Trainee: 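Starting off with a structure, shown below.
Throughout, a chain's letter reflects where its sequence line sits, starting with A, and its residues are numbered from 1. In this text the structure is predicted, and so the values were computed from the model without any measurement.
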2 protein chains.
Amino acid sequence: MTVTIYDVAREAGVSMATVSRVVNNNPNVKPQTRKKVFEAIERLGYRPNAVARGLASKKTTTVGVVIPDISNMNLAEIARGIEDIATMYHYNIILCNADKKKDKEIRVINTLLEKQVDGLLFMGGTVTDEHIQAFKTSSVPIVLCATTDDNNTIPAVDIDHQQAAYDAVKLLVDSGHRKIGMISGTLQDPSLGFARYQGYKQALEESAIPFNENYVRVGNYKYESGIEAMKYFLALEDRPTAVFAATDEMAIGAIHAIQDAGLKVPEDISVISVDNSRMASMVRPQLTTVAQPMYDIGAVSMRLLTKLMNKETTDQTKYVLPHTVIERQTVGQV
Amino acid sequence: MTVTIYDVAREAGVSMATVSRVVNNNPNVKPQTRKKVFEAIERLGYRPNAVARGLASKKTTTVGVVIPDISNMNLAEIARGIEDIATMYHYNIILCNADKKKDKEIRVINTLLEKQVDGLLFMGGTVTDEHIQAFKTSSVPIVLCATTDDNNTIPAVDIDHQQAAYDAVKLLVDSGHRKIGMISGTLQDPSLGFARYQGYKQALEESAIPFNENYVRVGNYKYESGIEAMKYFLALEDRPTAVFAATDEMAIGAIHAIQDAGLKVPEDISVISVDNSRMASMVRPQLTTVAQPMYDIGAVSMRLLTKLMNKETTDQTKYVLPHTVIERQTVGQV
DNA sequence: CTGTTAGCGCTTTCAT
DNA sequence: ATGAAAGCGCTAACAG
């Protein structure tokens, strides 16, 4: 019923080995034979069974990708970068959402390894010892993608969240601001939350601006929490003249809160954030924000993985991709 | 070097068959034996090889998903719905971007079939005869997801784009508007473009409002094209009092164009669209728009596919999921 | 350039 | 309840 390589061999009057050769583009086949085989393949509608091939060759040409949440815009962009490069190198992608939950992550890593992926791309929260443990049982290469790794022992490509935050706040400082608020994400989140908070503090410190804990509010990355946080700042007797938000969404919330209070951005209060999402240029005034190369993170990490899978020697196994601050209309001089 | 089922069998002092049974949770194993085997597995760090299992059992517990573009927000949302349900039924997902390009689509369908996926979820542009042809060579079930199918012969879950557009325009009509512009997507696109355009025309027709071709501008779904289109409308001597945009982005562009002209939404001009993206409630005034259940489309289509793969009898193989118009602040009475 | 022959690691009758 | 053995469809030496 399903036609196999053996059927093709018989139909073409050659051996399975020869069929295998033409299917795999092995040059050691007489053109005439090759033609016969192709015709037989065509006639029978033969489709190679990649599972059988995988078992015999110990290569599946698929790589596993564990990602926190594909419905997150930034991550979807990374995923697209991954997939494009994977396709380019003739790999397919098994995609698993793991929501930064350690248990889920460990579980899918094992599933992926059972499925004999040729390599693994890991995006998650922090890489814990338990992760390392799971990675160690792997005989295939693994690269971390947009994920912090304290142990710092696994190939990785990332952006420097702290530096990005630092650069944003620095722009505020350089514009003359001294009273700078921050709308942070949850400090438990190592990348978007804590790292950006650290960047904020670092910039303050280096500018000899004393840290004021009234100037920090923790949000949940979303629009509404940006509004709430800004309302708090506005109610302060000595309110900030500038605000750094950890995400565009919160920044936009902040802007609206400012405007609702009858104030203007950036005349009365400046706002900056990091993300450079589509929304950044779709609000009035347009949001000044720092852009991170999401697609590239995916692309570069997948490219690195292909090299590793191919046992190529790699000059580098750590990449930190550069961000850019995009100056638009929400930061003013003081 | 890699530990196989045979190694475990030897270590546990049983046969491979028994090991296979305990790994697959076959009840016909004495508890004591089961324990012995588990211990051997633990000791050796055995990990079942899913490829070998796939070859022997002719099931891979993997389904193929072809999607136009995972970095598109709506599609990423669908993908998340797919993956969640897939996980729930212990399937993994091979994800392939195909950009609605027929050639790419056909190619990945074949790759996926070679990889012996247990089923296929197809999202694309229109389903052509060539697609049908490719589907026919499949021995595994296929369901279409958010994809128009003229032949209408394949199981599918979708939303009614035309009806969604119709409902949006109808709200405008019911609010007293007679001069209604449309900012359309490209009419070549069967779903987002043409279908929504048809819905617009249908609503006009049913309300006995003559079609005015000056009132239709074709955009590219993006913010800027919304601005351009609206500028055109504003320059008309008899400009529309309401505008229906095929996407939130274009609607927001339109709103900004209106505001830049010194007019107000909805007092001077009403705006409605379809998408209900995150942005809809992050603009001032908040956008009235029709919401489509993206996550559910993914979830339902995957659920249908699991039934089909399981050879369950399905009461239905066509689903049209309902949309909802979300009334916010951009539509006013005339 | 082509064929023969072992496996790859597991599931699955069929016995026992 | 357990074991023996025959494949699943293909690749990869090895011969020739």
Trainee: Below 4.0 angstrom from OP1 or OP2 of dC1(C), is there any side-chain N or O of Thr33(A)?
Mentor: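 No.
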Trainee: Just by distance, do the side chain of Asp7(B) and the backbone of Thr4(B) share a donor-acceptor pair under 3.5 Å?
Mentor: yes
Trainee: Tell me, yes or no, whether the heavy-atom count around Glu42(A) atom CD, taken from other residues, nucleotides or ligands under 6.0 Å, exceeds 12.
Mentor: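 No, not enclosed.
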Trainee: Are Asp103(B) and Arg107(B) ion-paired here, with the side-chain N under 4.0 Å from a carboxylate O?
Mentor: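 Not counted as a salt bridge, because no side-chain N and carboxylate O are separated by less than 4.0 Å.
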Trainee: How long is the span from the CE atom in Met294(A) to the CG atom in Leu75(A), to the nearest 0.5 Å?
Mentor: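 The CG atom of Leu75(A) is 7.5 Å from CE of Met294(A), to the nearest 0.5 Å.
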Trainee: For Asn28(B) and dT12(C), give me the distance from atom CG to atom P, rounded to whole Å.
Mentor: 14 Å
Trainee: Measure CG/Asn26(A) against C1'/dT2(C) and give the value in whole Å, please.
Mentor: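 Atom-to-atom, Asn26(A) to dT2(C), this comes out as 11 Å.
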Trainee: Does the protein touch nucleotides 8-16 of chain D at the base, only the backbone, or not at all? Give it as B, S and - per nucleotide, heavy atoms under 4.0 Å.
Mentor: BBBBBB---
Trainee: Do Ser20(A) and Asn24(A) get their side chains close enough for a donor-acceptor pair, meaning under 3.5 Å?
Mentor: yes
Trainee: Between CD1 of Ile142(A) and CZ of Phe122(A), what distance do you get to the nearest 0.5 Å?
Mentor: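 Between atom CD1 of Ile142(A) and atom CZ of Phe122(A) there are 9.5 Å.
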Trainee: OP1 or OP2 of dT4(C) versus the side-chain N and O atoms of Ser15(A): is any pair under 4.0 Å?
Mentor: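 Indeed not, no polar side-chain atom of Ser15(A) lies that close.
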Trainee: Please report the end-to-end axis angle for the helix from dC1(C)-dG16(D) to dT16(C)-dA1(D), five pairs per end, rounded to 10 degrees.
Mentor: 30°
Trainee: Rounded to whole angstrom units, what separation is found between the CZ atom of Arg34(B) and the C1' atom of dT2(D)?
Mentor: 13 Å
Trainee: Can you tell me how far apart CG (Leu95(A)) and CD1 (Ile94(B)) are? Round to the nearest 0.5 Å.
Mentor: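 Nearest 0.5 Å value for the CG-CD1 distance: 11.0 Å.
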Trainee: Can any side-chain N or O of Asp69(B) pair as donor or acceptor with the backbone N or O of Asp99(B) at less than 3.5 Å?
Mentor: no
